[in-house]
Amino acid sequence: MAKAPVLTPQAEDFPRWYQDLINKAELADNGPVRGTMVIRPYGYGLWERMQQEMDARIKKAGAQNAYFPMFIPQSYLTKEAEHVEGFAPELAVVTHGGGKQLEEPVVVRPTSETIINEYFSKWVQSHRDLPLLINQWANVVRWELRPRVFLRTTEFLWQEGHTAHATYEDARAYASMIHTQVYGDFMTNVLGIDVVLGRKTAKERFAGAINTLTLEGMMGDGKALQMGTSHELGQNFAKAFNTTYQLHGAEREYVWQTSWGVSTRMVGGLIMSHGDDNGLRVPPRLAAVQAVVLAIKGDDAVIAKVREIGARLEAVGIRVVVDDRTDTPFGRRAVDWELKGVPLRIEVGPRDLENGTAMLARRIPGGKEPVSIDALAELLPGVLEEDQALLLRQSRERRESRTVDVKTLDEAVEAAATGWGRISWADLGAEGEAKLAEQGVTVRCIVAADGSVPASDDQDGNVAIVARAY
């Protein structure tokens with residue numbers, strides 16, 4: 001009888017595979033309240049590395065980290081009509097506290113535009129106070145009716161940036177810079193996901209924004225996942241909260257604003273972009289553990305050698321773990337590390353010591369080969385970069401091979417069954433977008449004819465990317 005696979009095969013049931021992997025790789029559990037999640041240490045380690053990489057890019061963009069309360073007076077949300085209408089179905093509202101009914105209900109933070117603008121209106125007085133560039137790492141709550149761990153949860157972790165500028169042009173340029181140089185760079189060069197950068201349609205824009213820029217990734221099953229967004233808020237919130245600055249003399253002007261964010265949804269995107277039937281495949285630049293050195297048997301010489309190898313690899317900057325738990329069978333440990341997607345395994349047993357070699361297993365391309373122990377420290381940094389590049393190349397090849405140009409709504413729906421469709425926005429329009437939505441297909445973004453981000457919705461030659469989405 002054939003041995004049952006550790007994970008449900010992707011081709012058999014992709015959603016089941018996804019859930020199996022989260023469980024078997026010890027990434028997360030469902031929380032006690034429907035729609036919440038408990039992120040386990042290995043899964044949280046992935047998020048921590050994402051935070052570190054993103055935080056460095058955000059600070060390089062000039063933003064400073066701050067923190068704002070998670071409880072927001074309900075009256076704040078009602079100040080911007082489109083904003084409150086957009087979030088009303090997802091709000092968690094607290095009506096009692098300390099055993100008493102509250103004088104005013106408070107909303108558990110779904111996003112922070114309103115409370116941050118309350119303080120921006122106090123902090124911004126003169127043009128010398130601009131630009132004001134703030135970011136916070138926090139949790140948010142949006143009551144989710146169809147939860148899925150990492151992808152859609154009632155509570156999730158994220159960063160949200162909020163900025164105020166003197167001019168429309170400055171705000172627009174900053175939102176674009178976050179979109180490309182912070183988010184685009186990170187997702188492409190660290191996550192190894194070949195995201196498409198575009199702008200959302202008016203229907204899909206963030207509630208209260210005048211423009212939303214998005215990054216869309218194709219998952220292993222051909223569906224799309226919105227990986228992050230950067231919004232031009234115009235002066236909508238500035239007018240609602242009277243956020244103004246003194247220009248010359250007594251003259252005051254409303255600020256122009258942006259907001260932007262990415263979340264733990266990126267962990268789900270990582271899993272579905274790079275995972276295979278054997279588990280995760282973590283990009284080396286992201287991996288909290290880039291290499292694990294395994295002792296095959298509990299031989300004193302083997303234990304000493306794996307620890308020596310670990311120290312050598314650490315000395316050349318590789319994030320390494322030494323696994324000398326020889327009371328646990330080697331095969332089980334190897335499968336566990338494979339499930340977790342650690343890029344490299346260096347396996348050492350008594351016979352390897354005799355030959356002066358170790359068995360190098362590469363998780364991303366697959367395969368094993370013996371390598372001289374003395375050559376490992378010099379060889380592996382280059383191997384890690386090769387494997388990083390391979391993941392991005394595979395992501396790009398999947399997107400390109402499963403994206404087709406279409407001319408009609410029926411062709412767009414057919415394309416979205418297995419991948420993405422590209423259709424002229426002039427031919428589709430808002431009416432066609434609504435008809436696609438009735439069949440579960442959405443316009444993920446609009447791109448220019450050359451694939452760049454268009455300056456406006458109605459720019460000549462714009463193309464809509466349509467797909468089924470998570």
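Residue numbers start at 1 and run along the sequence shown. Both backbone and side-chain heavy atoms feed into the values below; hydrogens, waters and symmetry mates do not.
Pairs engaging residues 156-176 under the salt bridge (charged side-chain N to carboxylate O under 4.0 Å, His left out) rule: R172-E232 [sequence neighbours left out]. Residue pairs meeting the salt bridge (charged side-chain N to carboxylate O under 4.0 Å, His left out) criterion with at least one member in residues 178-198, sequence neighbours excluded: R57-D185, D194-R396, D194-R399. Listed by first and then second residue, the salt bridge (charged side-chain N to carboxylate O under 4.0 Å, His left out) pairs involving residues 127-155 amount to none (not counting sequence neighbours). Sequence neighbours left out, the pairs with a member in residues 107-127 that pass salt bridge (charged side-chain N to carboxylate O under 4.0 Å, His left out) are K79-E118.
Distance alone, capped at 3.5 Å, places no donor-acceptor pair between the N211 side chain and the S456 backbone. Q290 places a side-chain N or O within 3.5 Å of a backbone atom of P284 that can act as its donor or acceptor partner. The backbone N or O of L391 lies less than 3.5 Å from no partner atom in the side chain of R281, so there is not a single donor-acceptor pair. In this structure, E369 contributes its side chain and M359 its backbone to no donor-acceptor pair below 3.5 Å. Judged by distance alone, the side chain of N355 and the main-chain N or O of T357 form no donor-acceptor pair under 3.5 Å. At distances below 3.5 Å, at least one donor-acceptor pair connects side-chain atoms of K200 with backbone N or O atoms of R444.
Within a 6.0 Å sphere centred on OH of Y119, other residues, nucleotides and ligands contribute 12 heavy atoms or fewer. Heavy-atom neighbours of Q125 CD from other residues, nucleotides or ligands within 6.0 Å: above the threshold of 12. Atom CD of Q64 has 12 or fewer heavy atoms from other residues, nucleotides or ligands within 6.0 Å. Counting non-hydrogen atoms of other residues, nucleotides and ligands closer than 6.0 Å to CD of E204 gives a total above 12. Counting heavy-atom neighbours within 6.0 Å of W143 CH2, excluding the residue itself, gives a total of 12 or less. Within 6.0 Å of CZ in R351 there are 12 or fewer heavy atoms belonging to other residues, nucleotides or ligands.
The existence of a salt bridge linking E53 and R285 is excluded, since no basic side-chain nitrogen approaches an acidic carboxylate oxygen closer than 4.0 Å.
By the salt bridge (Lys or Arg N to Asp or Glu O under 4.0 Å) test, R402 is found to be paired with no residue, residues two or more places apart in sequence or in another chain being considered. With sequence neighbours left out, the side-chain hydrogen bond (donor to acceptor under 3.5 Å, both in side chains) criterion links D450 to S452. Residues passing the side-chain hydrogen bond (donor to acceptor under 3.5 Å, both in side chains) test with E338, sequence neighbours excluded: none. Qualifying salt bridge (Lys or Arg N to Asp or Glu O under 4.0 Å) partners for D374, counting only residues two or more places apart in sequence or in other chains: R312. For W123, the side-chain hydrogen bond (donor to acceptor under 3.5 Å, both in side chains) criterion is met by no residue, not counting sequence neighbours. Partners of A164 according to the side chain to side chain contact (heavy atoms under 4.5 Å, CB included) rule, which considers only residues two or more places apart in sequence or in another chain, are F120, L130, L132, V255, Q257. Here D20 pairs with T8, R16 under the side-chain hydrogen bond (donor to acceptor under 3.5 Å, both in side chains) rule; sequence neighbours left out. Legend: residues meeting salt bridge (Lys or Arg N to Asp or Glu O under 4.0 Å) with D13, ordered by chain and number and at least two apart, are absent.
If you take CG on L294 and OG1 on T326, they are separated by 11.0 Å, rounding to the nearest 0.5 Å. Interatomic distance, I193 CD1 to T188 OG1, rounded to the nearest 0.5 Å: 9.0 Å. Of the inter-residue distances, the one linking H274 atom NE2 with R363 atom CZ reads 12.0 Å to the nearest 0.5 angstrom. Interatomic distance, N30 CG to N23 CG, rounded to the nearest 0.5 Å: 7.5 Å. Taken from CG in L197 to OG in S176, the straight-line distance is 9.0 Å, to the nearest 0.5 Å.
For the pair K340 and Y42, the cation-pi test (distance below 6.0 Å, angle within 45°) is passed.
The two atoms that bring P350 and D299 nearest to each other are CG-CB, 4.5 Å, heavy atoms only. When all heavy atoms of L133 and A61 are compared, the closest pair comes out as CD1-O, 4.0 Å.
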Review point. Can you list the steps and then say if L46 with M266 is a side-chain contact (heavy atoms from CB on, under 4.5 Å)?
Key: CA-CA 10 Å; L46 295 173; M266 291 193 297; over 6 Å; no

Check your understanding: Is there a side-chain hydrogen bond (donor to acceptor under 3.5 Å, both in side chains) between D277 and Q10 once you walk through the steps?
Key -> CA-CA 6 Å; D277 285 347; Q10 289 185 355; 4.7 Å; no

Exercise for review: Please test L339 against L7 for side-chain contact (heavy atoms from CB on, under 4.5 Å), starting from the C-alpha separation and ending with a verdict.
Suggested key: CA-CA 9 Å; L339 278 167; L7 303 174; 3.9 Å; yes

Practice item. Could you check T212 against R199 for side-chain contact (heavy atoms from CB on, under 4.5 Å), going step by step and ending with a plain yes or no? Key: CA-CA 6 Å; T212 290; R199 59 187 287 139; over 6 Å; no

Review point. Between T163 and T258, is a side-chain hydrogen bond (donor to acceptor under 3.5 Å, both in side chains) present by the stated rule, with each step listed?
Key: CA-CA 5 Å; T163 70; T258 77; 2.4 Å; yes

Review point. Yes or no on salt bridge (Lys or Arg N to Asp or Glu O under 4.0 Å) for E386 and R362, after CA distance, side-chain angles and deciding distance?
Key: CA-CA 11 Å; E386 286 178 13; R362 295 171 65 172; 3.2 Å; yes

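Counting only heavy atoms from C-beta outward, the side chains of F237 and S259 never approach each other to under 4.5 Å. In this structure, E400 and M218 have side chains that are not in contact, with every pair of non-hydrogen atoms separated by 4.5 Å or more. Looking at N65 and D55, their side chains come closer than 4.5 Å, going by heavy atoms from C-beta outward. A heavy-atom distance below 4.5 Å is found between the side chains of F150 and Y18. Residues L344 and L380 have side chains in contact (heavy-atom distance under 4.5 Å, counting atoms from C-beta outward). Using a 4.5 Å heavy-atom cutoff, the side chains of F68 and H162 are not in contact. Between V447 and V196, the closest side-chain pair of non-hydrogen atoms falls below 4.5 Å. The closest side-chain heavy-atom distance from D29 to R40 is below 4.5 Å.
For H231 and F206, the gap between ring centers is short of 6.0 Å.
A donor-acceptor pair shorter than 3.5 Å cannot be found between the side chains of W425 and D457. A donor-acceptor contact closer than 3.5 angstrom is absent between the side chains of R393 and Q388.
Using cut-offs of 30° and 60° for the angle between ring planes, the W256 and Y168 rings count as perpendicular. Between F156 and W158, the ring planes lie perpendicular to each other; the angle is over 60°, past the 30° to 60° tilted range.
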